[in-house]
Amino acid sequence: MLTTKPATTSPPLSLSKTLINQNLNPNLSFPLNFSKPTKILSSPLLKSPLRSVLATTTTTTTTTSPQPSQTPAQTRVDILSESLPFIQKFRGKTIVVKYGGAAMKSQSLQASVIDDLVLLSCVGLRPVFVHGGGPEINSWLARLGIQPNFLNGLRVTDLSTMEIVEMVLVGKVNKHLVSLINKAGATAVGLSGKDGRLLTARPSPKAAELGFVGDVARVDATILQPLIANGHIPVIASVAADEDGQAYNINADTVAGELAAALGAEKLILLTDVAGILEDRDDPGSLVKQIDIKGVKRMVEEGKIAGGMIPKVNCCIRSLAQGVKTTSIIDGRLQHSLLFEILTDEGAGTMITG
């Protein structure tokens, strides 16, 4: 099954900044700046009071009669009420989010992702956060006078590069993200694949060319289960060791997919720098909203999915085959893309189903 929908653009919509801190947690503040209000307005789950609030906010040329004004408290109550079906669907369920790309490079997008993650945790979802950190690694390699080397888009990782990769991902990027989540009001725990033997690595089939770039040989999620059950957010760097203790750099999409399968996650979400899967790669308006595994494989065979998108869809297919309910490749350049994906009926990219 393949469902497409033309891309739309709308003026940014800023909903009440105090929605969360007055209704969920007095220590939190989430500016819910929805960049695609048309998705919310089109939802059949929305009741008329909120429709009128959103409609009067999203346009300056309305021809309809003015709607009765609402107090900020009424608006907050409406928003929470109309989010209820989505919250109920995912409450208590594990979702695995792979974080990277533009959402990692931009401070405003980074803040948006962190706020979304904490909000989802506050309303009862159980997020697991997996990250890479390519740009940060390149920055530190440059500081140390080491030239980054890539082969077909994959980082060639010799011993000295692997040492820096581990230092940057585990010691810097991971702890920075943990600090941001803690500051936003949740409780994060930073881990790498080495901790608790969470991931066991094996060399890539192209190890002779790529060096210490690995694949996931085994997942032992024992260390994650009590953390998730107690409401903590695991933040996992995509570094692991093999049986002999040698460290390997592993693609973060791959790590997220294997963890989602091992945890029996409800959903796997990959943040990317594109809108999602496009029916026509040259037409940004040809976004495929939903597709099944057969449809994805057909698009790969037809050459409609190519390049860097192939590993992502393969990751999704493998996760679905191992029991993950749904997977999504979403636009990480969109403010609050995680909320769009989880708390609206249209999402923020392409959902792949079994």
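Positions are given from 1 along the sequence.
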Output yes when a side-chain donor or acceptor of [X] lies under 3.5 Å from a complementary backbone atom of [Y], and no otherwise.
| X | Y | result |
| --- | --- | --- |
| T353 | T326 | no |
| D331 | A348 | no |
| S121 | L117 | no |
| S112 | S108 | no |

For [X] and [Y], work out which heavy atoms get closest and say how close.
| X | Y | result |
| --- | --- | --- |
| E166 | A247 | OE1-CB, 3.5 Å |
| V173 | G132 | CG1-O, 3.9 Å |
| A275 | R333 | N-NH2, 3.4 Å |
| A237 | V170 | CB-CG2, 4.1 Å |
| F150 | N138 | CZ-OD1, 4.0 Å |
| A252 | V130 | O-CG1, 3.7 Å |

Value rounded to 0.5 Å, distance of [atom1] in [X] from [atom2] in [Y]:
| X | Y | atom1 | atom2 | result |
| --- | --- | --- | --- | --- |
| D215 | D242 | CG | CG | 12.5 Å |
| L278 | R281 | CG | CZ | 9.5 Å |
| L120 | L343 | CG | CG | 6.0 Å |
| L268 | C315 | CG | SG | 5.5 Å |
| I329 | T350 | CD1 | OG1 | 6.5 Å |
| L271 | H131 | CG | NE2 | 13.5 Å |

Is there a path of hydrophobic side-chain contacts, each under 4.5 Å between heavy atoms of I/L/V/M/F/W/Y residues, joining [Y] to [X]?
| X | Y | result |
| --- | --- | --- |
| M351 | M309 | no |
| I317 | I310 | yes |
| I223 | V96 | yes |
| L109 | V97 | no |
| L159 | V239 | yes |

Determine whether [X] and [Y] make a side-chain contact, defined as any pair of heavy atoms from C-beta on separated by less than 4.5 Å.
| X | Y | value |
| --- | --- | --- |
| I277 | I352 | yes |
| S192 | L169 | no |
| F129 | V113 | yes |
| R298 | D292 | no |
| D283 | E279 | no |
| M299 | I291 | yes |
| Q110 | H176 | yes |
| D253 | P311 | no |

* To do: Mind running side chain to side chain contact (heavy atoms under 4.5 Å, CB included) on F86 and I342 for me, showing each step along the way?
  => CA-CA 7 Å; F86 301 101; I342 298 294; 5.6 Å; no
* Asked: Among all residues two or more places apart in sequence or in another chain, which pass the side-chain contact (heavy atoms from CB on, under 4.5 Å) test with K172?
  ->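 side-chain contact (heavy atoms from CB on, under 4.5 Å) check on K172 returns E136, W140.
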* To do: Please list, chain by chain and in numerical order, all residues satisfying side-chain contact (heavy atoms from CB on, under 4.5 Å) with T161, sequence neighbours excluded.
  =>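 With sequence neighbours excluded, T161 shows a side-chain contact (heavy atoms from CB on, under 4.5 Å) to L141, I146, R155, T157, D158, V165, given in chain and number order.
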Counting only pairs under 3.5 Å, give me each side-chain donor-acceptor contact of residues 198-205, with atom names and distances, residues two or more places apart or in other chains.
{"residue": "T200", "atom": "OG1", "partner": "R218", "partner atom": "NH2", "Å": "3.4"}
{"residue": "S204", "atom": "OG", "partner": "K206", "partner atom": "N", "Å": "3.1"}

Around [X], counting heavy atoms of other residues, nucleotides and ligands shown, do more than 12 lie under 6.0 Å from its [atom1]?
| X | atom1 | answer |
| --- | --- | --- |
| Q322 | CD | yes |
| Q107 | CD | no |
| K175 | NZ | yes |

* **Stepwise side chain to side chain contact (heavy atoms under 4.5 Å, CB included) check, K93 with K325** => CA-CA 11 Å; K93 303 294 178 60; K325 299 294 179 59; 5.7 Å; no
* To do: Would you mind checking if R197 and D220 are paired as a salt bridge, meaning a charged N to carboxylate O distance below 4.0 Å?
  =>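 Answer for the salt bridge query: no.
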If you look only at distance, which donor and acceptor atoms sit under 3.5 Å apart when one is on a side chain in residues 254-265 and the other is two or more places apart or in another chain?
{"residue": "E258", "atom": "OE2", "partner": "R318", "partner atom": "NE", "Å": "2.4"}

Tell me which donor-acceptor pairs under 3.5 Å the side chains of residues 225-234 have, and how far apart each pair is, sequence neighbours excluded?
{"residue": "N230", "atom": "ND2", "partner": "P226", "partner atom": "O", "Å": "2.7"}

* Structure fact -> side chain to side chain contact (heavy atoms under 4.5 Å, CB included) test vs L125 passes for just one of L338, T94, I95, namely I95
* Summary of salt bridge (Lys or Arg N to Asp or Glu O under 4.0 Å) pairs that have at least one residue in residues 121-135, sequence neighbours excluded ->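 Applying salt bridge (Lys or Arg N to Asp or Glu O under 4.0 Å) to every pair that reaches into residues 121-135, excluding sequence neighbours, yields nothing.
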